[in-house]
Novice: 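Below are the structure tokens for one structure; questions will follow.
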Amino acid sequence: MSELATLARPYASAAFATAMEREAIERWSHALSLLSDTIQDETVQRLIESPTKTPTQKAQVLMDLFEDQLDEYTRTFVRILAENRRLALIPAIQQEFAARLAQLKRTLAVEITSAIPLSDQQIEQFTEQLKSKFQQQIQLTTTVDQSILGGALIRAGDIVLDNSVRGKLDRLRNTLQKT
């Protein structure tokens, strides 16, 4: 995953710079979201991976799907990605773009994974504590994953705070194996 982020970063930077220059941040954000969702579809993935289609054909299929929603700059961006065989990076580019947009808005996207659904009060407490810790507005999403057994796993940008029971057990196991 980090390799994808590394490859996507320069493309996201270029897209973000172009969007800022053109005062089209929201339009680019929307276009990248559409493209990202589409790229993750199995049929589209097969098309992108197909050795029988040229990069130009692959780009054209994507552009035809969203003909009214892509301006000339986003179309050019799709063509460049296709020529460089980087269409599969669009979801990672979209994530990086969204992170830059959040940074511009001084908003941090945080995902909390817990074993059971969090109450509204817990969500509010997490939001306030994270807002205080990071000195930014918090855009919080929650997911439930029973495999963590208890506690919470918090992802905020590059920071991961693992206070889950599963994480503690894994750390304990690693410590015991070293001794």
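Every heavy atom of this structure was used, including side-chain atoms; hydrogens, water molecules and symmetry mates were not.
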Novice: Measuring from atom OG1 of Thr54 to atom CD of Gln60, what distance do you get when rounded to the nearest 0.5 angstrom?
Specialist: 10.0 Å
Novice: Looking at CZ of Phe77 and CG of Leu32, how far apart are the two atoms once the value is rounded to the nearest 0.5 Å?
Specialist: 6.0 Å
Novice: Check Arg100 with Glu96, please: is the shortest side-chain N to carboxylate O separation under 4.0 Å?
Specialist: yes
Novice: Run the side-chain contact (heavy atoms from CB on, under 4.5 Å) check on Arg46 and Thr43 step by step: do they pass?
Specialist: CA-CA 5 Å; Arg46 282 193 298 273; Thr43 306; 3.6 Å; yes
Novice: Would the distance check show the side chain of Thr175 and the main-chain N or O of Arg171 forming a donor-acceptor pair, the cut-off being under 3.5 Å?
Specialist: yes
Novice: Rounded to the nearest 0.5 Å, how far does CD1 of Ile148 lie from CD1 of Ile116?
Specialist: 9.5 Å
Novice: Give the minimum heavy-atom separation between Gly150 and Ala115, together with the two atoms involved.
Specialist: N-CB, 3.7 Å
Novice: Are there over 12 heavy-atom neighbours, none belonging to Leu65, within less than 6.0 Å of that residue's CG?
Specialist: yes
Novice: Are Val78 and Phe16 connected into the same hydrophobic cluster when the rule is that any two of I, L, V, M, F, W, Y join if their side-chain heavy atoms are below 4.5 Å apart?
Specialist: yes
Novice: What do the steps show when you test Glu3 against Thr6 for side-chain contact (heavy atoms from CB on, under 4.5 Å), and what is the final call?
Specialist: CA-CA 5 Å; Glu3 181 180 330; Thr6 301; 5.6 Å; no
Novice: Can you label the angle between the Trp28 ring and the Phe97 ring as parallel, tilted or perpendicular, going by 30° and 60°?
Specialist: parallel
Novice: Does Gln57 CD have over 12 foreign heavy atoms under 6.0 Å away?
Specialist: yes
Novice: Is there side-chain contact between Leu108 and Leu130, with at least one heavy-atom pair below 4.5 Å?
Specialist: no
Novice: Checking Ile159 against Phe134 for the side-chain contact (heavy atoms from CB on, under 4.5 Å) test, could you report, in this order, the C-alpha distance in whole Å, the side-chain angles of both residues, the deciding distance, and whether it holds?
Specialist: CA-CA 11 Å; Ile159 299 169; Phe134 293 109; 3.5 Å; yes
Novice: Any side-chain heavy-atom pair from Leu153 and Val160 closer than 4.5 angstrom?
Specialist: yes
Novice: When you measure from the side chain of Arg106 to the backbone N and O of Gln135, does any donor-acceptor pair fall under 3.5 Å?
Specialist: yes
Novice: Is any side-chain heavy atom of Gln137 less than 4.5 Å from a side-chain heavy atom of Lys105?
Specialist: no
Novice: According to a hydrophobic-cluster definition based on side-chain heavy atoms being under 4.5 Å apart (Ile, Leu, Val, Met, Phe, Trp, Tyr only), do Leu7 and Leu87 belong together?
Specialist: yes
Novice: What about Val61 and Leu34, same hydrophobic cluster or not, with Ile/Leu/Val/Met/Phe/Trp/Tyr joined at side-chain heavy-atom distances under 4.5 Å?
Specialist: no
Novice: For Gln40 and Ser36, test the side chains for any donor-to-acceptor distance below 3.5 angstrom and give the result as yes or no.
Specialist: yes
Novice: Output the distance between atom OG1 (Thr74) and atom CZ (Phe66), rounded to the nearest 0.5 Å.
Specialist: 11.0 Å
Novice: How far does CG of Asp120 sit from CD of Gln125, to the nearest 0.5 angstrom?
Specialist: 11.5 Å
Novice: Is it true that the side chains of Thr38 and Asp41 contain a donor and an acceptor less than 3.5 Å apart?
Specialist: no
Novice: In terms of heavy-atom contacts, does CD of Gln177 have more than 12 from other residues, nucleotides or ligands at under 6.0 Å?
Specialist: yes
Novice: Under a 3.5 Å threshold, yes or no: a donor from one side chain and an acceptor from the other, between Ser50 and Thr52?
Specialist: yes
Novice: How long is the gap from CG on Asn163 to OG on Ser114, to the nearest 0.5 Å?
Specialist: 12.0 Å
Novice: Mind checking whether Gln94 and Ile39 have side chains closer than 4.5 Å, heavy atoms only?
Specialist: no
Novice: Is there side-chain contact between Gln45 and Ile48, with at least one heavy-atom pair below 4.5 Å?
Specialist: no
Novice: Are more than 12 heavy atoms, taken from residues, nucleotides or ligands other than Glu111, located less than 6.0 Å from that residue's CD atom?
Specialist: yes
Novice: With a 4.5 Å cut-off on side-chain heavy atoms, are Met20 and Leu104 touching?
Specialist: yes
Novice: Is there side-chain contact between Ile93 and Leu35, with heavy atoms separated by less than 4.5 Å?
Specialist: no
Novice: Does the side chain of Leu70 come within less than 4.5 Å of Leu62's, by heavy atoms?
Specialist: no
Novice: Are Val165 and Ile112 connected into the same hydrophobic cluster when the rule is that any two of I, L, V, M, F, W, Y join if their side-chain heavy atoms are below 4.5 Å apart?
Specialist: no
Novice: Set out, in order, the CA-CA distance, both residues' side-chain angles and the distance that settles side-chain contact (heavy atoms from CB on, under 4.5 Å) for Arg86 and Ile80, then state yes or no.
Specialist: CA-CA 8 Å; Arg86 298 289 194 225; Ile80 290 168; over 6 Å; no
Novice: Testing the basics here: between Met63 and Arg79, what is the closest heavy-atom pair and its distance to 0.1 Å?
Specialist: CE-NE, 3.7 Å
Novice: Same cluster or not: are Val144 and Leu118 linked, directly or through other Ile, Leu, Val, Met, Phe, Trp or Tyr residues, by side-chain heavy atoms under 4.5 angstrom apart?
Specialist: no
